[in-house]
Protein chains: 2
Amino acid sequence: MAEQRKRKQVVTIDDVAKAAGVSPMTVSRVMNGFSGVKDTTREAVMKAVEELGYSPNIAARSLARHGSGRVGLLYSNPSAGYLSQFLVGALDGAQAAGALLLIEKCAPDPESEKAAIGKLVAGGAGGVILPSPHAESYSAQSELKAAGVAAVAVSTGRLRSDASAVRIDDFAAAAEMTRHLLELGHRRIGFIKGAPNQTASAERLLGFETEIRNAEPVASGLIEQGDFTYRSGFEAGDRLLSAHQPPTAIFASNDDMAVGVLAAAHRRGLDVPGQLSIAGFDDTSIATTVWPELTTVRQPVSDMAETAVKMLIEEIGARRRKGDRDPAERMLPHALIVRDSTGPAPKGD
Amino acid sequence: MAEQRKRKQVVTIDDVAKAAGVSPMTVSRVMNGFSGVKDTTREAVMKAVEELGYSPNIAARSLARHGSGRVGLLYSNPSAGYLSQFLVGALDGAQAAGALLLIEKCAPDPESEKAAIGKLVAGGAGGVILPSPHAESYSAQSELKAAGVAAVAVSTGRLRSDASAVRIDDFAAAAEMTRHLLELGHRRIGFIKGAPNQTASAERLLGFETEIRNAEPVASGLIEQGDFTYRSGFEAGDRLLSAHQPPTAIFASNDDMAVGVLAAAHRRGLDVPGQLSIAGFDDTSIATTVWPELTTVRQPVSDMAETAVKMLIEEIGARRRKGDRDPAERMLPHALIVRDSTGPAPKGD
DNA sequence: GGCTTTGATGTTAGCGCTAACAAAAACAGC
DNA sequence: GCTGTTTTTGTTAGCGCTAACATCAAAGCC
């Protein structure tokens with residue numbers, strides 16, 4: 001019933017300019033949130049944009065900006081539950097900023113990282129985003145520095161003082177989860193540590209220990225080493241549960257290990273959460289796959305990726321204007337997700 | 001020691017043209033595998049490309065191609081293990097074809113699909129890729145047809161005769177897995193069906209049944225309904241295992257359900273694969289997360305996505321040239337991945 | 001009032017690539 | 001040799017957008 005014909009011809013900046021009675025340049029300025037535009041003009045442009053349903057052509061923008069807004073992303077494990085969320089966020093951020101995302105896979109060893117970074121730089125990336133495992137890699141960061149491109153690490157403490165980072169407050173999150181368990185009445189709480197070489201592991205442990213120490217009559221010494229894998233969680237859980245006085249709750253440093261604990265508990269015929277509460281960390285897809293669904297801490301993975309992209313683009317811009325750079329660290333809010341794997345401590349315990 | 005200075009200046013098509021002593025257009029033709037180029041010229045260009053490390057600027061290409069190569073992708077669950085592989089493949093395909101990928105999230109209901117498709121079309125997508133859940137959606141396909149954009153469904157049988165599809169041979173894969181179990185000596189094999197409204201479910205069941213019927217003295221009637229969730233697998237597995245003569249192997253239609261079966265088996269204190277073999281389907285990340293790792297069927301998810309992008313771009317091109325279109329169905333090879341959850345049937349059984 | 005300073009907008013040119021057409025080279029037939 | 005065809009290559013123009021500069025108006029100052 002309406003005008004359907006001009007399907008193919010997408011609205012361009014010139015159409016908007018004409019409709020708003022200004023020059024294309026002014027539209028461009030409005031679209032990019034540039035300051036020097038009068039409010040009345042800005043509104044007129046906005047209105048035209050709305051009416052015509054204009055959205056900038058990102059290819060043209062990237063081209064005109066002369067390769068600024070080309071951001072690299074290194075990833076390693078394409079089947080890790082969290083990569084898709086990460087990619088979605090990064091893509092969103094890139095889209096919003098009008099940048100192009102170059103994506104490169106690599107193994108988690110220095111050689112492979114080096115090669116991948118080389119490709120990214122050759123492809124014109126002005127900066128690179130390093131998600132979790134690579135964020136810990138000193139060699140990757142050095143490599144990037146040598147190539148003269150910016151870097152933003154995600155999900156890790158700052159390794160180097162000259163690189164920016166986006167992360168959550170692992171310490172506070174672990175403390176919150178511990179408090180959640182304490183409030184449910186648990187007094188013997190087991191903890192399974194993550195891989196020793198990752199900063200997040202240490203932070204999470206610290207959060208747990210601090211909270212435990214603040215609580216009063218609480219058993220200690222219920223800490224086992226894990227390495228973020230299901231199997232390590234299974235085994236650590238088994239050790240904890242075969243103690244003379246087994247814990248009534250176990251807090252694992254990530255979801256995979258928590259699911260391992262769940263398996264160990266089921267194997268012993270324990271009811272979860274009736275006899276044992278289990279908590280994880282990360283809220284990856286496995287947390288809602290298993291049954292009962294896992295109480296865990298959610299990282300805003302998409303937001304983190306989006307933020308990382310934006311920071312990177314800003315940094316590239318800043319760097320281009322003047323040799324100066326000002327590494328930032330941004331902390332995003334996490335959330336305690338209470339599902340069915342935690343409940344009140346068993347009676348008479 | 002070498003020339004390091006011109007970091008920023010990426011090699012352009014003109015540099016290559018100059019180096020090879022031809023015009024930029026010829027280089028473009030070579031890069032795009034165009035036919036009408038003399039072999040000697042092509043080689044010269046190739047050599048220059050190699051030496052200079054040239055790679056085309058995808059933004060410029062997309063711009064010059066006038067928005068052809070703008071491909072939409074609908075996704076629903078960003079934490080589903082397979083989305084990241086899918087995205088990676090799609091991104092690769094888009095990159096290779098010099099296309100831009102527009103990505104839009106939506107819920108699996110018709111309303112939401114409609115809105116997302118609208119956005120994609122408004123964004124200039126000439127075609128849309130429909131991964132698994134949406135591929136089954138008749139309404140989504142109608143919507144796309146109405147908007148006049150091409151569509152490629154992934155991981156499903158062809159719903160409509162006028163849409164292209166990329167998939168694996170679910171029937172053959174299920175048959176292979178069944179044969180694998182039979183060869184291990186199993187004679188009582190349980191099967192857990194997938195959600196009834198998905199074509200893949202039916203195909204997989206058919207593959208299983210066909211192979212079972214071909215084998216000689218084999219128990220039948222060991223089929224339970226599931227819906228692709230962990231919990232449904234857990235419950236179906238429990239039902240199968242509480243039979244008077246429980247199966248010695250269970251083949252679930254996807255990995256999530258297989259992991260559910262694994263939990264049910266562990267709860268009963270059964271050793272896997274000593275007393276019970278378990279097989280899954282899809283090879284998602286959970287298959288290697290659990291222990292023992294799952295024997296399963298791998299779908300080449302990345303390749304499928306990449307293929308889908310390429311098919312779509314071809315179809316868009318074909319459509320633009322002449323109103324004509326020729327929906328294709330491409331079948332990609334799957335692979336039987338034997339891990340630790342399947343083993344020889346228990347003795348004396 | 002004539003002057004600079006500031007702010008808001010318009011102009012010009014070009015990012016790197018590829019359609020579409022134009023030209024040149026290679027080949028055929030007589 | 002010359003025309004008519006078929007390859008192969010080059011030319012022109014422009015995709016949609018934005019730096020960088022140019023312009024014009026309003027404001028501030030002596």
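Throughout, protein chains are lettered first and strands after them, A, B, ... in sequence-line order, and every chain is numbered starting at 1. Note that the structure is predicted; figures quoted are calculated from it, not measured.
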B/K47 vs B/E43, test: salt bridge (charged side-chain N to carboxylate O under 4.0 Å, His left out). Steps then yes/no. CA-CA 6 Å; B/K47 187 156 156 284; B/E43 273 158 34; over 6 Å; no
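Put simply, CD1 on A/I13 is 12 Å from P on C/dG10, counting in whole angstrom units. Spacing between atom CG of A/D14 and atom P of C/dT11 amounts to 12 Å, rounded to whole angstrom units. Between the CG atom of B/N57 and the C1' atom of D/dG16 there is a distance of 14 Å, given to the nearest Å. A/K38 has its NZ atom 13 Å from the C1' atom of D/dA27, to the nearest Å. As a whole-Å value, the separation of B/R65 CZ from C/dC17 P is 12 Å. Put simply, CG on B/L63 is 17 Å from P on C/dG14, counting in whole angstrom units. Per the geometry, CZ belonging to A/R61 stands 16 Å off C1' belonging to D/dC15, to the nearest Å.
Comparing A/R42 and B/P56 by the nucleotide of DNA chain C whose heavy atom lies nearest to each, the residue mapping closer to the 5' end is A/R42.
Remark: of the listed residues A/E111, A/K114, A/H134, A/H134 is the sole one forming a side-chain contact (heavy atoms from CB on, under 4.5 Å) with A/C106.
Using modelled atom types, one side-chain atom of A/N57 and one backbone atom of A/A59 make a donor-acceptor pair closer than 3.5 Å. A donor-acceptor pair is defined here as one N or O able to donate and one able to accept, closer than 3.5 Å; no such pair exists between the side chain of B/E104 and the backbone of B/G72.
In the region residues 18-36 of chain B, proximity to DNA chain D at under 4.0 angstrom, judged on heavy atoms, holds for B/V22, B/S23, B/M25, B/T26, B/R29, B/G36.
Between the side chains of B/S137 and B/E113, at least one donor N or O lies within less than 3.5 Å of an accepting N or O.
Note on A/T41: a side-chain N or O is less than 4.0 Å away from OP1 or OP2 of C/dT9.
Distance check: A/I129 CD1 to A/M304 CE gives 11.5 Å after rounding to the nearest 0.5 Å.
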